[in-house]
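Below is one structure, written out as structure tokens, with a few remarks after it.
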Number of protein chains: 2
Amino acid sequence: MKLTEAKQQFISSWGAFGTHWGINRTMAQIHALLLVSPEPMTQDDIMEELNISRGNTNMNIRELINWGLVERVLLSGERKEYFLAEKDMWKVMKQIVKERKKRELEPMLQLLDKLADVEGDKRDKQIRTFVDTISSIKKLGLQADKTLDIMIKADEHWFLGTMMKFLK
Amino acid sequence: MKLTEAKQQFISSWGAFGTHWGINRTMAQIHALLLVSPEPMTQDDIMEELNISRGNTNMNIRELINWGLVERVLLSGERKEYFLAEKDMWKVMKQIVKERKKRELEPMLQLLDKLADVEGDKRDKQIRTFVDTISSIKKLGLQADKTLDIMIKADEHWFLGTMMKFLK
DNA sequence: CTAATCTTTCAATATATTTTGAAAATTCGA
DNA sequence: TCGAATTTTCAAAATATATTGAAAGATTAG
């Protein structure tokens, strides 16, 4: 397969993939494009390559920067901004995990805390089921929270190596 | 907090949560409702409780069944179908992981395999970056695949116990 | 300071997804 | 087998989300 075709396929699949994870197609496509680009790219480069509008490009680059996946680069002597994606996929994964944990898991755990102490007779079946469900979700959530925290801090080799030994 | 309010909040947040994970709001809400319901419920019960149409209810219940999160229950002497959610959250999580792995991770790994052998001079910077990126995504993906497989087969106590030892 | 270049915003538009509800299909008791 | 009860389907409508592009805002070279 030729590079151009492979690149197209990668960008398009990464985009489709993103939509399953609550990330919009364009954001994922820009990310994919920058991931396989050896050099930093400008907004215009990206617009042209993906055939999308200036506004759309701008918004989604910004979002990628918020997620910590892309950084602005200033090339000396150039007026334009260039954009560069983090290429170390372990770091990329940790960054995504970190953000999603902050944006989703942590608020959910807070909510579960509030919901856990519902009033009423604990012998009531409705109440008991509610409390039990909430508390088992919370237990699993806390477990995940801890595990992810360690992963976020970990070095790739240590983490994967140790993990593999344990899970064998 | 009263049970009714707590339930409302749980259902509504679980729905919002779902949308961040590529699951539609209604499907997540029905799941939440069934998770905290001690008894199996009928389609009509669900429609009424969530104020949604018959068609919508039916479609999403079926989708939950496809995901293996809800099962049909026939109560003796009753014509109607009842629906019951798996309450063991460890099993629920394993089931979700299993399905997403099959639907998303595995196809992605297949694609990466195809993309990995792009033609061309490996000294070309474009090609090298492409190949390197693809192969490091693949490496991480395979790692995840293995880990998730172990988790899917694992018993909760063994898995969490091992994790905890590992993470200390 | 000015003008050219570049970036950001956002209302309007386009697209995609979800929901409805009525009709068709199925199921099952009598 | 009939017909009432129940489930399923799916085209149309409603809603939600993403995209455009032109205008406004910001930045910097000269």
Side-chain angles (χ1 to χ4, degrees), chain A residues 11-34 39-67 70-84 103-104, chain B residues 11-34 39-67 70-84 103-104:
Chain A
I11 289 169
S12 131
S13 313
W14 203 248
F17 200 64
T19 62
H20 288 133
W21 290 84
I23 286 159
N24 91 41
R25 185 186 318 281
T26 304
M27 182 173 154
Q29 287 187 348
I30 295 177
H31 190 212
L33 175 61
L34 291 173
E39 312 291 350
M41 297 179 79
T42 64
Q43 230 175 240
D44 291 86
D45 295 339
I46 296 169
M47 281 170 63
E48 191 178 346
E49 191 107 15
L50 300 179
N51 281 296
I52 55 180
S53 71
R54 182 171 304 285
N56 195 10
T57 308
N58 189 273
M59 268 180 170
N60 283 295
I61 289 175
R62 217 135 306 292
E63 198 58 13
L64 284 165
I65 293 173
N66 284 342
W67 275 78
V70 165
E71 62 167 345
R72 247 180 254 268
V73 171
L74 294 171
L75 263 56
S76 64
E78 289 262 23
R79 178 82 175 273
K80 285 198 270 262
E81 293 175 335
Y82 283 76
F83 301 96
L84 186 67
R103 296 170 192 217
E104 295 158 35
Chain B
I11 290 168
S12 130
S13 312
W14 203 249
F17 201 63
T19 62
H20 288 133
W21 290 83
I23 288 158
N24 92 43
R25 186 186 316 282
T26 305
M27 181 173 155
Q29 287 186 349
I30 295 177
H31 189 213
L33 175 60
L34 291 173
E39 312 291 350
M41 297 179 79
T42 64
Q43 232 176 231
D44 290 85
D45 295 338
I46 295 169
M47 281 168 62
E48 191 180 344
E49 190 108 15
L50 300 179
N51 280 297
I52 55 180
S53 72
R54 181 171 303 286
N56 195 10
T57 309
N58 189 273
M59 269 182 170
N60 284 294
I61 289 175
R62 254 167 330 96
E63 198 57 14
L64 284 165
I65 293 173
N66 284 343
W67 275 79
V70 165
E71 64 168 344
R72 249 178 253 269
V73 171
L74 293 172
L75 263 57
S76 65
E78 290 261 23
R79 178 83 175 273
K80 285 200 270 264
E81 293 176 334
Y82 283 76
F83 301 97
L84 186 66
R103 295 169 192 219
E104 295 158 35

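In the text below, chain A, chain B and the rest are named by the order of the sequence lines, each starting its count at 1. Just the heavy atoms: all of them, side chains too, but no hydrogens, waters or symmetry mates, feed the values below.
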query = Within the structure shown, what part of the strands sits under 4.0 Å from Asn24(A) by heavy-atom distance: base, sugar-phosphate, or nothing?
reply = sugar-phosphate
note = Rounded to whole Å, the CZ-P distance (Arg25(A) to dA14(C)) equals 19 Å
request  = Would you mind checking if Lys80(B) and Asp44(B) are paired as a salt bridge, meaning a charged N to carboxylate O distance below 4.0 Å?
outcome  = no
remark   = Whole-Å distance, Glu63(B) CD to dT18(C) P, equals 10 Å
message = I need the minimum non-hydrogen distance between Arg72(A) and Phe83(A), along with the two atoms involved.
response = CG-CE2, 3.8 Å
inquiry  = Using a heavy-atom cut-off of 4.0 Å across all strands, would you classify Asn58(B) as base, sugar-phosphate, or nothing?
reply    = base
query = Considering only heavy atoms and no angle criterion, is a donor-acceptor pair shorter than 3.5 Å present between the side chain of Arg79(B) and the base of dT6(D)?
reply = no
Sugar-phosphate only, base, or nothing, as touched by Gln43(A) at under 4.0 Å among non-hydrogen atoms = base
query = Within the side chain of Asn60(B), is there an N or O that forms a donor-acceptor pair under 3.5 Å with the backbone of Asn56(B)?
reply = yes
inquiry  = If you assign each of Met59(A) and Glu78(A) to its closest nucleotide in DNA chain C, which residue comes earlier from the 5' end?
reply    = Glu78(A)
message = Taking only side-chain N and O atoms of Asn56(B), does any of them lie within less than 4.0 angstrom of OP1 or OP2 on dT20(C)?
response = yes
request  = Mind calculating the distance between CG (Leu74(B)) and C1' (dA5(D)) to the nearest angstrom?
outcome  = 15 Å
task = On DNA chain C, check which nucleotide each of Asp44(A) and Ile52(B) is closest to and give me the residue with the more 5' one.
result = Asp44(A)
query = If every non-hydrogen atom of Asn58(A) is compared with every non-hydrogen atom of Gln43(A), which pair is closest and at what distance?
reply = ND2-OE1, 2.6 Å
inquiry  = Taking any heavy-atom pair under 4.0 Å as a contact, classify Arg54(B): base, sugar-phosphate, or nothing.
reply    = base
